[in-house]
Amino acid sequence: MADVKDYPRYVTPGFIPFSPVELAEKTEAIVGLGDQRKYTHFYCTGVYGGISTAYTVGCCLRCVFCWVDWSRDFPEKYGFFCSPEKVSTYLLLNARKSKVKKLRISGGEPTLLFHHLLKILVLLREEDYLFILETNGILLGKDEDLVKELVPFPNLYVRVSIKAGTPYSFEKKTGAKKEYFYLPFQCIENLKKHGLNFHVAVMSDKHLMSVEEKRYFLKELKKTGYKGFLEEERCEPYPHSVARLRFAGWE
Ligand code: SF4
């Protein structure tokens, strides 16, 4: 049983900022077992025009607007271990049943337990489906070698989601130390450098991001040389988002 003493849960006033890289490792110890990872359910949803989804457990950030259920904060209490074979089978079965052509892992950060993700991608490589990798960019920014390992998958598309526009705001909104703000931007540079197909999303909801913060964000984004589509995310009043915002004192 992994040690959950001092494991960061949700952000509250006075929360001590953490290293998201260390939190990734701590979380991997909880949600990983050999080549297996914890998941809570498998389903199809209408986003991206219809996508088969594996809902996994565990993330390395603690975004105050996160819609994911409490499995993010208490990963030791939720989910069941699934092998890469089981995950790819469930993804394909649901996709065929609902006649959709896209697959993804959601609910947690898919780049945790990277060897598990790679095995899934290998199993799906010959299938006629697009795999959308939704990431917060922390680990792909920290380690360029991980990005290199994604190059051989032509049916892979990456969506990098930036959570805040300044280092200070990043710490306040994600619970992670402000010096890690730059990793998702490094992720964009790494993806560009290695020719992956991707686009950038940003949580720019006007209730969460000021005009000045957005300006700073756009300046940082420009430095990466990114000129593609920018998806602007809105904060929806999902029950877990509302609860986390309240716990963090955002109302
Ligand atoms: S919004 Fe995404 S990156 Fe942020 S805590 Fe939730 S799952 Fe993790």
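Indexing begins at 1, ligand by ligand and atom by atom, following the structure's order.
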Exercise. In terms of side-chain geometry, is the basic nitrogen of E144 or K193 positioned less than 4.0 Å from the acidic oxygen of its partner?
Worked result: yes
Exercise. Do the side-chain N and O atoms of Y129 and S52 include a donor-acceptor pair separated by under 3.5 angstrom?
Worked result: no
Exercise. In terms of residue, atom name and distance, what is the protein heavy atom nearest to atom 8 (Fe) of ligand 1?
Worked result: C59 SG, 2.3 Å
Exercise. Under 2.8 Å from atom 8 (Fe) of ligand 1, is there an N/O/S atom belonging to C60?
Worked result: no
Problem set entry | Interfacing atoms of ligand 1 (cut-off 4.0 Å, heavy-atom, N136) | 3 (S)
For this session: Report, in ascending order of atom number, the atoms of ligand 1 lying under 4.0 Å from any heavy atom of L61.
Result: 5 (S)
Problem set entry | ring-ring contact (aromatic ring centres under 6.0 Å, His included) partner of Y90, the single match among Y39, F42, F80 | F42
Seminar exercise, completed: Of all protein heavy atoms, the one nearest atom 6 (Fe) of ligand 1 is C66 SG, 2.3 Å
Exercise. So F198 and Y226, would you call those rings parallel, tilted or perpendicular, with 30° and 60° as cut-offs?
Worked result: tilted
For this session: Test the K172-W250 pair against the cation-pi criterion, namely NZ or CZ under 6.0 angstrom from the six-membered ring centroid and within 45° of the ring axis.
Result: yes
For this session: Provide the number and element of each atom of ligand 1 under 4.0 Å from a heavy atom of K163.
Result: 1 (S), 2 (Fe), 3 (S), 4 (Fe)
Seminar exercise, completed: min-distance protein heavy atom vs atom 4 (Fe) of ligand 1 -> C63 SG, 2.4 Å
Exercise. Within 45° of the axis and under 6.0 Å from the centre of the six-membered ring of F74, does NZ or CZ of K77 qualify?
Worked result: yes
Problem set entry | Atoms in ligand 1 with a heavy atom of R72 nearer than 4.0 Å | 5 (S)
